[in-house]
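Report on the structure given below.
Numbering of ligands and ligand atoms starts at 1, following listing order. Any value given below was found using the heavy atoms of this structure, including those in side chains, with hydrogens, waters and symmetry copies removed.
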Amino acid sequence: MSDLLEGLAAWPQQDFAEFGSVEVRKLGKIQRLVGSFLGRNWVAIPHVTHQDEADVTALEARRSAHNKAGGDKLTIVPLLVKALADALAAFPQFNASYDAKTGELTLKKYVHVGVAVDTPNGLLVPVIRDSDRKSLDEIAREIESVAAKARTKGLSVAEMSGGCITLTSLGHIGGTAFTPIINAPEVAILGVTRARTVAQPDASGARVVWRQMLPLSLSYDHRIINGADAARFVRFLIDRLADGGLIG
Ligand code: CAO
């Protein structure tokens, strides 16, 4: 890994107090650990991020009806976990891990989806095991409970291990697109930002209709996945999200 930095200038050392008043804070253990993983992954994996938008107008109408009918509240995150589980079954090279030392690609027959959770101590990624075999309500309940646990008590290593792909959603905050960093040893990560309502021509082109568009940002390991496959993977997600059928 250190060879990758060869030839680069040393990190700038500065006494910031020379320029004005400062406060020095030590980063927490989790933030430092997560930061070291992110730094490694960013440097060691050739990332490309594919951007697209899913028309979620029908899905959002069904989700809103589902939530109004009572029962467990559904956000778009469990729907995305379900769509990702379907996409991993259709595109096995996305459900894989690559060992550059041996040149071996391990293809996984299980589907465990990680969901990034923003906590006061840093970013944690609990894994929803067997996402392909769980109902939408089960996934929604599990995300809610594991996210609450991540924010209050923290998570065990076991609860954050074994993920096949990660979902990172900033949609409740905003954004139009971003470049998420792959959570090694996975080979792809899906980032989601805020859905927006846009005016578009209808199929005939004669009328303008309002559509809800969800921005998707898929970062992938270009050693394993080529751009065309990434575009097909995201297209698959878009089709899965467009028909509203994810909500039974
Ligand atoms: N577009 C528009 N609104 C969205 C949305 C989107 N893409 N995604 C979520 N929302 C809305 C939800 O519908 C909900 O709205 P209402 O309360 O009005 O129904 C609201 O935002 C709150 O969402 P939430 O955060 O409570 O729940 P969630 O299921 O969307 O997300 C979780 C759960 C755990 C993924 C999220 O809370 C979280 O921690 N995300 C941060 C991940 C992160 O930091 N990633 C960065 C990694 S890189 O550093």
What does the N/O contact table under 3.5 Å look like for ligand 1?
| from | atom 1 | to | atom 2 | distance (Å) |
| --- | --- | --- | --- | --- |
| ligand 1 | 1 (N) | A195 | N | 2.9 |
| ligand 1 | 7 (N) | T193 | O | 3.0 |
| ligand 1 | 17 (O) | K73 | NZ | 2.8 |
| ligand 1 | 19 (O) | K73 | NZ | 3.0 |
| ligand 1 | 29 (O) | T75 | OG1 | 2.5 |
| ligand 1 | 37 (O) | R151 | NH2 | 2.9 |
| ligand 1 | 39 (O) | D118 | N | 3.0 |
| ligand 1 | 39 (O) | R151 | NH2 | 2.8 |
| ligand 1 | 40 (N) | S169 | O | 3.1 |
| ligand 1 | 45 (N) | T168 | OG1 | 2.7 |

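Applying the under-4.5 Å side-chain rule to Ile, Leu, Val, Met, Phe, Trp and Tyr, the cluster around V22 extends to F16. Here M213 is tied into one hydrophobic group with V198, each link being a pair of ILVMFWY side chains closer than 4.5 Å.
Taking the side-chain hydrogen bond (donor to acceptor under 3.5 Å, both in side chains) definition, one finds that T166 meets it with N183, E186, sequence neighbours left out.
Annotation: E144, atom CD; neighbour count of heavy atoms from other residues, nucleotides and ligands within 6.0 Å does not exceed 12.
The closest side-chain donor-acceptor pair between T119 and N121, if any, does not fall under 3.5 angstrom.
Salt bridge annotation for D86-K82: absent, with no cationic side-chain nitrogen under 4.0 angstrom from a carboxylate oxygen.
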